[in-house]
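This report concerns only the one structure given below.
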Amino acid sequence: MSEEITLMKGNEAIAYAAIRYGVDGYFGYPITPQSEIIETLMEAAPWNTTGMVVLQAESEVAAINMVYGGASCGKYAMTSSSSPGISLKQEGISYMAGAELPGLIVNVQRGGPGLGTIQPSQADYFQTVKGGGHGDYRLITLAPNSVQEMADFVALGFELAFKYRNPAMILTDGVIGQMMEKVKLPEYRRRRTEQEIREQCPWATLGKTADREPNIITSLELDSAVMEKNNERFQAKYRVVEENEVRYQEVKCEDADYLLVAFGSAARICLKTIQLAREQGIRVGLLRPITLWPFPTKVLNEYAGRVKGMLTVELNAGQMVEDVRLAVNGKIPVEHYGRLGGIVPTPDGVLDALIEKMVK
Amino acid sequence: MDTNNIISPENLVYAKPELMNDNHMHYCPGCSHGVVHKVIADVIMELGLQEKTIGIAPVGCAVFAYKYLDIDWQEAAHGRAPALATATKRLLPDRMVFTYQGDGDLAAIGTAETIHAANRGENIAIIFINNGIYGMTGGQMAPTTLKDMKTSTSPDGRNVQTMGNPLKILDMLALLDGVCLATRTSVHTPAAVKKTRRMIRLAFENSMAGKGTSIVEVVSTCNAGWKMTPAAANDWMVEHMFPVYPIGDLKNI
């Protein structure tokens, strides 16, 4: 028995992966369908083992600002919520982007707008990748499609966040958060020592030592000429992320006449649609963006020269489809199929839409 | 003896604390902030906490507090300083973590963060500057603005029937079990400055001793926002602010 494989929910996998990765602090507020994350952490009581702090905040606003405080100390700090709570966190996310703070936010999406429903949705795509808070900033966005990826992306999220000093989000939904699958959790990693944090994050507010100037974490700069330079620095960083960190998965794309483009739970459904379509002689593949920002623009543009059309499948009214259209730039038809308000598409529904909108 | 040999170490009776740098303060002449900054610097030096102190600056007039004291600082979103301080102190329990907040920041937009941090008994010190007005944005009504007091958003005076009453948030905080120190001071006389210094020192000691949340409310002047000379503002504060916000300990355990 070299591999430890267990069965658990996606939300639980996030919690256990956080403990094992050596996360320093989790700050959250209950909201369906993600409350298992904080419940699992409280049950596991990692403060007794790894020393991880777990705190139930008074609001989502407080929780994201606790992440801001923890991240300011160079700590691995994270929070999780679901759509209405993520709206409340936008202030803090914008401030983190402005102060160039690394941290991890998990959004287990539910249907909106407003209080909406507790059923799954992907309707926060725009909010996440187009900047839900104020100002010109980008949020590194990972879209897991399995419980295994929920576990794996905790580490990936923190690695990218600290590599670029930028907040990162795991954008998932109630399907992936609630469903149980087998998962191999990551190995335990020791939490970083303070000396290691001082070396990794020379900017961290750990207390000013005699050998350096004060560290100041702020997003404020009243001199517009300097603020423009700050913004240009952020934009240059975002271009580097776009150049180096695009991640996607291709399924049966080699001989495909049509491409489904879908992320997260929608991509899981599309796997079955591919099988059904191919049984009918329709050659369909799936391109699954794993990073929603940076978006796999280049590869989609390349496929536009090889396939007849693309259909995005989303649990929303058509959001990612805009980025696919921008990537394809009019070369081929790009259509959208989605279900709204917490309804999950079926593989047959996707196939019918593909035939009606594309194959005819 | 001339001025050159008067200025010598053995004659030193008063000096700018080492922790304060030479950046020009943006505060208006006569404002209380500068005095409280100096007191905080003095206390950090006295307690030898230069390398252990992390300050959390607010949004408001003190948004640039981080420019004047040579310690590590985090600049918070409006009202969120106690949330930043909570995480910082929890993740670095041997550090001294304090927030510096005005009345709009602490008693309006940050009420929830303040009350819940205090209710959890976070081992932080909160320095609360209450001058009854929004200074930075140009003199608007604050939650602590007095009855009938004129501001740019209460030009005919605060009508408590429609605009609410002056919020005595320290009284609310003193009721919470997580709070070990809730005290009101001022800095309008040398004696008052000395008292403020003792209370801020106690608050910082409480933080390091893990006794819970300490709040030092410094009833302050905003002579620019109040449209008075500094001297007149001090007199007005004594006459009008002190009856509503009485100086002294509400809780000290």
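Residue numbers start from 1 in every chain, and the chains themselves are labelled A, B, ... in the order their sequence lines are given, proteins ahead of strands.
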Is there a donor-acceptor pair under 3.5 Å between the side chain of B:Arg95 and the backbone N or O of A:Gly207?
-> no
Has the side chain of B:Tyr66 got a donor or acceptor atom that lies under 3.5 Å from a matching backbone atom of A:Asn215?
->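 Answer holds: no.
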Looking at every heavy atom in both [X] and [Y], which two are closest together, and how far apart are they?
{"X": "A:Pro214", "Y": "B:Ile71", "answer": "CB-O, 3.1 Å"}
{"X": "B:Ala112", "Y": "A:Glu58", "answer": "O-OE2, 3.6 Å"}
{"X": "A:Val53", "Y": "B:Leu91", "answer": "CG2-CD2, 4.0 Å"}
{"X": "B:Glu113", "Y": "A:Ser59", "answer": "OE2-OG, 4.4 Å"}
{"X": "B:Arg80", "Y": "A:Val61", "answer": "NE-CG1, 3.3 Å"}
{"X": "B:Ala87", "Y": "A:Phe27", "answer": "CB-CZ, 3.7 Å"}

Tell me, for [X] versus chain A, whether the close heavy atoms (under 4.5 Å) come from the side chain, the backbone, both or neither.
{"X": "B:Gln50", "answer": "backbone"}
{"X": "B:Arg90", "answer": "both"}
{"X": "B:Thr53", "answer": "backbone"}

Is chain B contacted by the side chain of [X], its backbone, both, or neither, given a heavy-atom distance below 4.5 Å?
{"X": "A:Leu206", "answer": "both"}
{"X": "A:Leu220", "answer": "both"}
{"X": "A:Ala77", "answer": "neither"}

Between B:Glu51 and A:Thr209, does any side-chain donor sit less than 3.5 Å from a side-chain acceptor?
->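 Note: B:Glu51 and A:Thr209 side chains miss the donor-acceptor criterion.
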Which distance, rounded to the nearest 0.5 Å, do you find between the [atom1] of [X] and the [atom2] of [Y]?
{"X": "B:Leu84", "Y": "A:Met66", "atom1": "CG", "atom2": "CE", "result": "9.5 Å"}
{"X": "A:Thr218", "Y": "B:Trp73", "atom1": "OG1", "atom2": "CH2", "result": "11.5 Å"}
{"X": "A:Thr205", "Y": "B:Glu75", "atom1": "OG1", "atom2": "CD", "result": "12.5 Å"}
{"X": "B:Ile56", "Y": "A:Ser72", "atom1": "CD1", "atom2": "OG", "result": "7.0 Å"}

Is there side-chain contact between A:Lys75 and B:Leu92, with heavy atoms separated by less than 4.5 Å?
-> yes
Salt-bridge criterion met for A:Arg212 and B:Asp72 (N-O under 4.0 Å) |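 Yes, this pair counts.
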In this structure, are over 12 heavy atoms from other groups packed under 6.0 Å from A:Gln235 atom CD?
->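 Atom CD in A:Gln235 is crowded, with more than 12 foreign heavy atoms closer than 6.0 Å.
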Step through the shown structure and confirm whether more than 12 heavy atoms of other residues, nucleotides or ligands are within 6.0 Å of CD on A:Glu213.
->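 Atom CD in A:Glu213 is not crowded, with 12 or fewer foreign heavy atoms closer than 6.0 Å.
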Close approach to chain A in residues 115-131 of chain B, criterion heavy atom under 4.5 Å |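 From residues 115-131 of chain B, the residues near chain A are B:His116, B:Arg120, B:Glu122.
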Set of residues satisfying ring-ring contact (aromatic ring centres under 6.0 Å, His included) with respect to A:Tyr76, sequence neighbours excluded |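 So A:Tyr76 forms a ring-ring contact (aromatic ring centres under 6.0 Å, His included) with A:Tyr21, A:Phe158, A:Phe162.
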For chain A, find which of B:Leu69, B:Val97, B:Thr88, B:Leu49 contributes the most heavy-atom pairs closer than 4.5 angstrom.
->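 Of B:Leu69, B:Val97, B:Thr88, B:Leu49, B:Thr88 has the most heavy-atom pairs under 4.5 Å with chain A.
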